[in-house]
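Quantities reported herein were computed from a predicted structural model and do not represent experimental measurements. Heads up: numbering here begins at 1 and tracks the sequence.
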Amino acid sequence: VVGVISVKQNNKLHWVKTGIVFEKIAIYLHEHDISSSILTAAVECKSQNIKLTKMINANPTLFFRVGYASGKGIAVPRRDDASIMLHSKE
């Protein structure tokens with residue numbers, strides 16, 4: 001299954017609203033053991049965006065897929081905050 005979130009206006013405010021909507025969708029899916037994955041190329045690559053816009057007759061902001069995974073993914077180790085923070089030389 002694929003999903004598309006579209007907006008009336010292509011601006012920063014609507015990009016943030018798109019993120020809020022997707023966050024709610026992703027949380028709901030996670031609570032029901034359904035996986036989701038954002039597919040950025042369909043929106044960020046101009047040629048793909050034009051095709052998607054024509055298909056849905058709207059301004060796509062986020063394109064994603066949804067489904068049941070065959071198994072649990074492997075947790076990726078995260079770096080600690082100190083390793084990614086910028087430090088000033090004082």
Side-chain angles (χ1 to χ4, degrees):
V1 175
V2 296
V4 180
I5 300 174
S6 63
V7 294
K8 292 181 181 178
Q9 298 174 8
N10 190 8
N11 59 39
K12 290 178 183 179
L13 174 63
H14 287 90
W15 298 342
V16 171
K17 288 182 177 183
T18 295
I20 293 168
V21 169
F22 182 72
E23 181 180 46
K24 291 177 182 181
I25 292 169
I27 290 169
Y28 174 86
L29 294 170
H30 179 74
E31 288 173 344
H32 292 85
D33 293 323
I34 303 171
S35 298
S36 64
S37 179
I38 296 173
L39 306 170
T40 58
V43 175
E44 292 181 3
C45 295
K46 188 174 182 176
S47 62
Q48 298 302 313
N49 188 297
I50 290 169
K51 290 178 184 178
L52 184 57
T53 299
K54 288 179 181 177
M55 286 174 58
I56 66 170
N57 196 29
N59 185 20
T61 309
L62 190 98
F63 186 68
F64 59 99
R65 63 183 175 182
V66 174
Y68 292 98
S70 59
K72 291 287 182 187
I74 299 169
V76 177
R78 302 292 180 203
R79 295 183 292 180
D80 63 338
D81 294 342
S83 70
I84 59 172
M85 299 297 289
L86 296 176
H87 300 282
S88 63
K89 295 180 182 180
E90 294 181 61

Identify each donor-acceptor pair in which a side-chain atom of residues 54-69 lies under 3.5 Å from a protein atom, sequence neighbours left out, and give them as a table.
none

Check residues 4-12 and write down every donor-acceptor pair under 3.5 Å in which the side-chain atom is one partner and the other belongs to a residue at least two apart or another chain.
{"unit_1": "Gln9", "atom_1": "OE1", "unit_2": "Asn11", "atom_2": "ND2", "d": "3.2"}
{"unit_1": "Asn10", "atom_1": "OD1", "unit_2": "Trp15", "atom_2": "NE1", "d": "2.6"}
{"unit_1": "Asn11", "atom_1": "OD1", "unit_2": "Leu13", "atom_2": "N", "d": "3.2"}
{"unit_1": "Asn11", "atom_1": "OD1", "unit_2": "His14", "atom_2": "N", "d": "2.9"}
{"unit_1": "Asn11", "atom_1": "OD1", "unit_2": "His14", "atom_2": "ND1", "d": "2.9"}
{"unit_1": "Asn11", "atom_1": "ND2", "unit_2": "His14", "atom_2": "ND1", "d": "3.4"}

Let me have the donor-acceptor pairs involving side chains of residues 45-52, under 3.5 Å, with sequence neighbours excluded, atom names and distances please.
{"unit_1": "Asn49", "atom_1": "OD1", "unit_2": "Thr53", "atom_2": "OG1", "d": "3.0"}
{"unit_1": "Asn49", "atom_1": "ND2", "unit_2": "Val43", "atom_2": "O", "d": "2.8"}

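If you chain together hydrophobic residues whose side chains sit under 4.5 Å apart, Leu39 and Phe22 never meet in one group.
Apart from Ile20 itself, the hydrophobic cluster it occupies contains Val16, where clustering links Ile, Leu, Val, Met, Phe, Trp and Tyr at side-chain heavy-atom distances under 4.5 Å. The hydrophobic cluster containing Ile27, built from Ile/Leu/Val/Met/Phe/Trp/Tyr side-chain heavy atoms closer than 4.5 Å, comprises no other residue.
Applying the side-chain hydrogen bond (donor to acceptor under 3.5 Å, both in side chains) test to every pair with at least one member in residues 21-38, sequence neighbours left out, gives no pairs at all.
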